[in-house]
Structure formats: C-alpha cells, structure tokens
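Remember, it's 1-based here, ligands and their atoms both numbered in the order they're listed. If you're wondering where the values come from, they're calculated on a predicted model, not measured in any experiment.
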Amino acid sequence: MIDEGRQRAEMVDTQLVPRGITDPRVLAAMREVPRHRFVGPGMESAAYGDHALPIGEGQTISQPYMVALMTQELALEGDERVLEIGTGSGYQTALLTRLAEKVFSIERVEALARRAQKTLDELGYTNVLVKIGDGTIGWSEFEPYDRIIVTAGAPDIPQSLLEQLADPGIMAIPVGDQGFQELKIVRKERGLTEIRDAGGCVFVPLLGREGWNGNG
Ligand code: SAH
C-alpha cells in the first residue's frame, strides 16, 4: 500500500523547503491535504511528483511548488476571505480552506467545478463556496476580498479584480502571454497599489471578459 502521508512529507522536504517555502502554516497544510484525491483516476501514484498533472477538460493541477509559492505569497493568517479564480481540481482551494476563514472559488468549466465541489465535500472542507462562471469579472456579491488568487495566466490584471481587492489586500496572479507568465504580487495598502514580480511560471490561459478572448 502506498503511504500518502509519507509521500507528502517527502514532497515538502525535497520540493518545497529547499526552494524557499518557509511559512510553517503553508508547509503544514501541504503535509495534510491529500493531493492524490484531486488528480484523475489512475494518476494517484504521480500526484506527489515535482510537476503539474492533467485533470481533464484540457486543464492541469499545478506543480506543488507553484501552489506553495502562490499560497505563501498570500501571507494568510487565518481570518481572511479569499477569492480564487480557476478552481480546477480544487486542490489549491482545499489548501486555502485550511489557511483562511472563507474561500470563494470560481471555475468556468462546469464539469471541473462539480468534481472539485464533490471532492471538497467528501474531505469535509466546508468553508468554501464554488461557483460556475467567468472569474475575470470577480464575484461582486461578496466583495471586498482580503486576498485574491488567480491560477490561470492573464494577459493583464483584470480591473474588476483590482476593484474587489480589499485595502489592505494582496493578490497573486500570473500575467504574460499564453506560453509563459510572470507571477505578479499586487499589494493594496492605504489607497496605494504596488506590484512586484515573484518569478516565471506557466499556467493555462485565463479565458473570459477581462482575460483572453475577451470583448475588449
Ligand atoms: N488551482 C487549480 C489549477 C487549475 S488550472 C488546481 O489546483 O487544480 C486553471 C483553471 O482555471 C482551469 O480549470 C480553467 O478552466 C480555469 N479558468 C480559466 N479561465 C477562467 C475564468 N475566467 N474563470 C474561472 N475559471 C477559469
């Protein structure tokens, strides 16, 4: 029998800590959340490898390091309301539920949203709302959000997301062309917005009104 707990500990020790993931809460959550439950059937044995994996519908679950890096950049303390764009498998969502108060997650592909919701339910991660729709325009009903995380590559930072970010607030979003992006960390504080680069990355495209194939 495969010991997933041991695989997770090894993932943390060999892939995350040596590359600079130091936030103890992030490391603990990555040791705890069963990543193998979020990958497709038959792929469980590859779930803890140092790479992204297909999750169906042409989409991917990100490499563990990228998930950890983006999560660490959000600097979560436990009382935040987080908006996530690109639920995908729900793995990143699950980590956020462990680290923040409430997660609002949007996925445009219905089949993925439904499967993610089911997995999150089965695992008992209940402080989350998943909605099917275009996340580039945010989720106005529950704004503002203390944190926003976008796990698909955007051509630019969507204006709607900037507006729905609380002050103070932090957003992590990959911005670039469809083949390669830079992870941007946006910080809003006392009315000022500051943007910093946190490294190169490759995500599937953020499709929608304020993403790729938008109307303007
Ligand atoms: N965080 C996910 C990774 C998902 S890949 C995980 O851990 O599995 C990116 C996801 O973003 C895909 O599922 C894709 O369908 C979704 N996506 C792309 N554009 C979107 C949009 N405008 N709104 C919501 N989801 C979007």
Side-chain angles (χ1 to χ4, degrees), residues 8 11 16 26 29-30 33-40 43-44 46-74 82-100 103-120 123 125 128-140 145 147-161 164 171-176 178-179 181 183 201-216:
R8 280 197 291 283
M11 171 185 82
L16 308 186
V26 173
M30 300 271 314
V33 174
R35 181 171 163 93
H36 64 282
R37 294 287 304 275
F38 295 87
V39 302
M43 302 240 267
E44 291 87 349
Y48 296 100
D50 191 10
H51 42 67
L53 280 171
I55 54 172
E57 315 290 331
Q59 307 302 328
T60 53
I61 177 173
S62 303
Q63 175 196 27
Y65 169 67
M66 188 48 59
V67 175
L69 176 65
M70 291 181 87
T71 309
Q72 174 164 277
E73 289 288 354
L74 293 181
V82 182
L83 175 66
E84 176 188 46
I85 314 301
T87 318
S89 68
Y91 174 62
Q92 170 80 71
T93 321
L95 288 162
L96 295 171
T97 69
R98 305 296 80 206
L99 297 167
V103 182
F104 303 85
S105 188
I106 310 179
E107 170 56 55
R108 62 181 289 280
V109 179
E110 180 172 348
L112 292 177
R114 291 198 187 286
R115 200 198 310 151
Q117 178 76 71
K118 181 164 178 276
T119 311
L120 292 164
L123 293 169
Y125 299 144
V128 53
L129 283 182
V130 179
K131 143 170 143 161
I132 300 158
D134 176 8
T136 65
I137 58 170
W139 193 340
S140 55
Y145 302 96
R147 303 289 187 267
I148 298 180
I149 177 170
V150 181
T151 60
D156 285 299
I157 301 171
Q159 189 60 34
S160 298
L161 298 185
Q164 293 178 24
M171 166 163 40
I173 177 170
V175 177
Q178 292 199 17
Q181 304 91 32
L183 177 59
C201 51
V202 178
F203 280 85
V204 298
L206 180 74
L207 303 174
R209 202 194 303 174
E210 295 184 40
W212 292 101
N213 308 337
N215 299 320

Visitor: Looking at ligand 1, does Ala116 have a heavy atom less than 4.0 Å from it?
Guide: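 It does not; every heavy atom stays at 4.0 Å or beyond.
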Visitor: Out of the candidates Asn213, Asp156, Ile85, only one should pair with Leu206 under the side chain to side chain contact (heavy atoms under 4.5 Å, CB included) rule; please name it.
Guide: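 For Leu206, the side chain to side chain contact (heavy atoms under 4.5 Å, CB included) check succeeds only for Ile85.
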Visitor: Would you say Phe203 and Val175 make side-chain contact, with heavy atoms under 4.5 Å?
Guide: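 SC-SC contact between Phe203 and Val175 ruled out.
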Visitor: Any side-chain heavy atom of Tyr65 sitting closer than 4.5 Å to one from Leu16?
Guide: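 They are in contact (side-chain heavy atoms under 4.5 Å apart), so the answer is yes.
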Visitor: Let me see the working for Arg147 and Leu96 under side-chain contact (heavy atoms from CB on, under 4.5 Å), right down to the final yes or no.
Guide: CA-CA 10 Å; Arg147 303 289 187 267; Leu96 295 171; over 6 Å; no
Visitor: Within the 4.0 Å heavy-atom shell around Ser89, which atoms of ligand 1 are there?
Guide: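 Checking each atom against Ser89, I get 6 (C), 7 (O), 8 (O).
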Visitor: N/O to N/O below 3.5 Å, does that happen between Gly135 and ligand 1?
Guide: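 Yes, since at least one N or O of Gly135 sits under 3.5 Å from an N or O of ligand 1.
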Visitor: Examine the side chains of Glu210 and Thr136 and answer whether a donor and an acceptor come within less than 3.5 Å of each other.
Guide: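 No, because no side-chain N or O of Glu210 sits under 3.5 Å from a partner of the opposite role on Thr136.
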Visitor: In the protein, what heavy atom is nearest to atom 11 (O) of ligand 1, and what distance, to one decimal place, separates them?
Guide: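 Sorting protein heavy atoms by distance from atom 11 (O) of ligand 1 puts Gly86 CA, 3.2 Å first.
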Visitor: Find all atoms of ligand 1 within a distance of less than 4.0 Å from any non-hydrogen atom belonging to Ile106, and give their numbers and elements.
Guide: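 Numbered from 1, ligand 1 contributes 24 (C), 25 (N).
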Visitor: Report the member of Thr151, Leu207, Leu95 with the shortest heavy-atom distance to atom 9 (C) of ligand 1.
Guide: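 Among Thr151, Leu207, Leu95, the closest heavy atom to atom 9 (C) of ligand 1 comes from Thr151.
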Visitor: Quick one: do the Arg8 and Tyr48 side chains pair a donor with an acceptor below 3.5 Å?
Guide: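 Yes.
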Visitor: Do any N/O atoms on Glu84 end up under 3.5 angstrom from N/O atoms on ligand 1?
Guide: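 For ligand 1, there is no N or O atom that lies under 3.5 Å from one belonging to Glu84.
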Visitor: Is the backbone of Val109 close enough, under 3.5 Å, to the side chain of Glu57 for a donor and an acceptor to pair up by distance?
Guide: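 Looks like no, no N/O pair under 3.5 Å.
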Visitor: Can you confirm whether more than 12 heavy atoms, excluding those of Lys131, are under 6.0 Å from its NZ atom?
Guide: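 Yes, NZ of Lys131 has more than 12 neighbouring heavy atoms, counting only those of other groups under 6.0 Å.
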Visitor: For Thr87, state whether at least one heavy atom is located under 4.0 Å from any atom of ligand 1.
Guide: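 Yes.
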Visitor: Just going by heavy-atom distances, which of Glu210, Glu107, Arg108, Gln63 is nearest to atom 15 (O) of ligand 1?
Guide: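 Result: the heavy atom closest to atom 15 (O) of ligand 1 is in Glu107.
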Visitor: Quick one: does Ser62 get an N or O within less than 3.5 Å of an N or O on ligand 1?
Guide: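 No, there is no polar N/O contact under 3.5 Å.
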Visitor: Just jot down the ligand 1 atoms closer than 4.0 angstrom to any heavy atom of Val109, in number order.
Guide: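 Listed by number with element: 15 (O).
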Visitor: Hey, is Ile85 touching ligand 1 through its side chain, its backbone, both or neither, going by heavy atoms under 4.0 Å?
Guide: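 Just the side chain.
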Visitor: Would you confirm whether Gln164, through its side chain, and Tyr145, through its main-chain N or O, come within 3.5 Å as a donor-acceptor pair?
Guide: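 Not at all, since once roles are kept as given, no pair shorter than 3.5 Å links the two residues.
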Visitor: Which protein heavy atom lies closest to atom 12 (C) of ligand 1, and at what distance to 0.1 Å?
Guide: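 Answer for atom 12 (C) of ligand 1: Gln59 OE1, 3.2 Å.
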Visitor: I need the atoms of ligand 1 closer than 4.0 Å to a non-hydrogen atom of Gly133, numbered in the order shown.
Guide: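 By the 4.0 Å cutoff, the relevant atoms are 23 (N), 24 (C).
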Visitor: Evaluating non-hydrogen atoms only, which member of Lys131, Met66, Gln92 is closest to atom 7 (O) of ligand 1?
Guide: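 That would be Gln92.
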Visitor: Decide whether an N or O pair under 3.5 Å exists between Leu112 and ligand 1.
Guide: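 In this structure, Leu112 places no N or O atom under 3.5 Å from an N or O of ligand 1.
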Visitor: Is there a side-chain contact between Met43 and Pro54 (heavy atoms, below 4.5 Å)?
Guide: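 SC-SC contact between Met43 and Pro54 confirmed.
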Visitor: Provide the number and element of each atom of ligand 1 under 4.0 Å from a heavy atom of Thr136.
Guide: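 In order of numbering, the contacting atoms are 22 (N).
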Visitor: Using a 4.0 Å cutoff against the non-hydrogen atoms of Thr60, which atoms of ligand 1 qualify?
Guide: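 The list of qualifying atoms is 3 (C), 4 (C), 5 (S), 8 (O).
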Visitor: How about Tyr125 and Arg98: do any of their side-chain heavy atoms sit closer than 4.5 Å?
Guide: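 With C-beta onward as the side chain, the pair touches.
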Visitor: Which atoms of ligand 1 are found less than 4.0 Å from any heavy atom of Val204?
Guide: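 Those qualifying, in numeric order: 5 (S), 9 (C).
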Visitor: What distance separates Thr151 OG1 from Gln92 CD, expressed to the nearest 0.5 Å?
Guide: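 That separation rounds to 6.5 Å.
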Visitor: Within the 4.0 Å heavy-atom shell around Leu206, which atoms of ligand 1 are there?
Guide: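 Heavy-atom distances to Leu206 below 4.0 Å select 19 (N), 20 (C), 21 (C), 22 (N).
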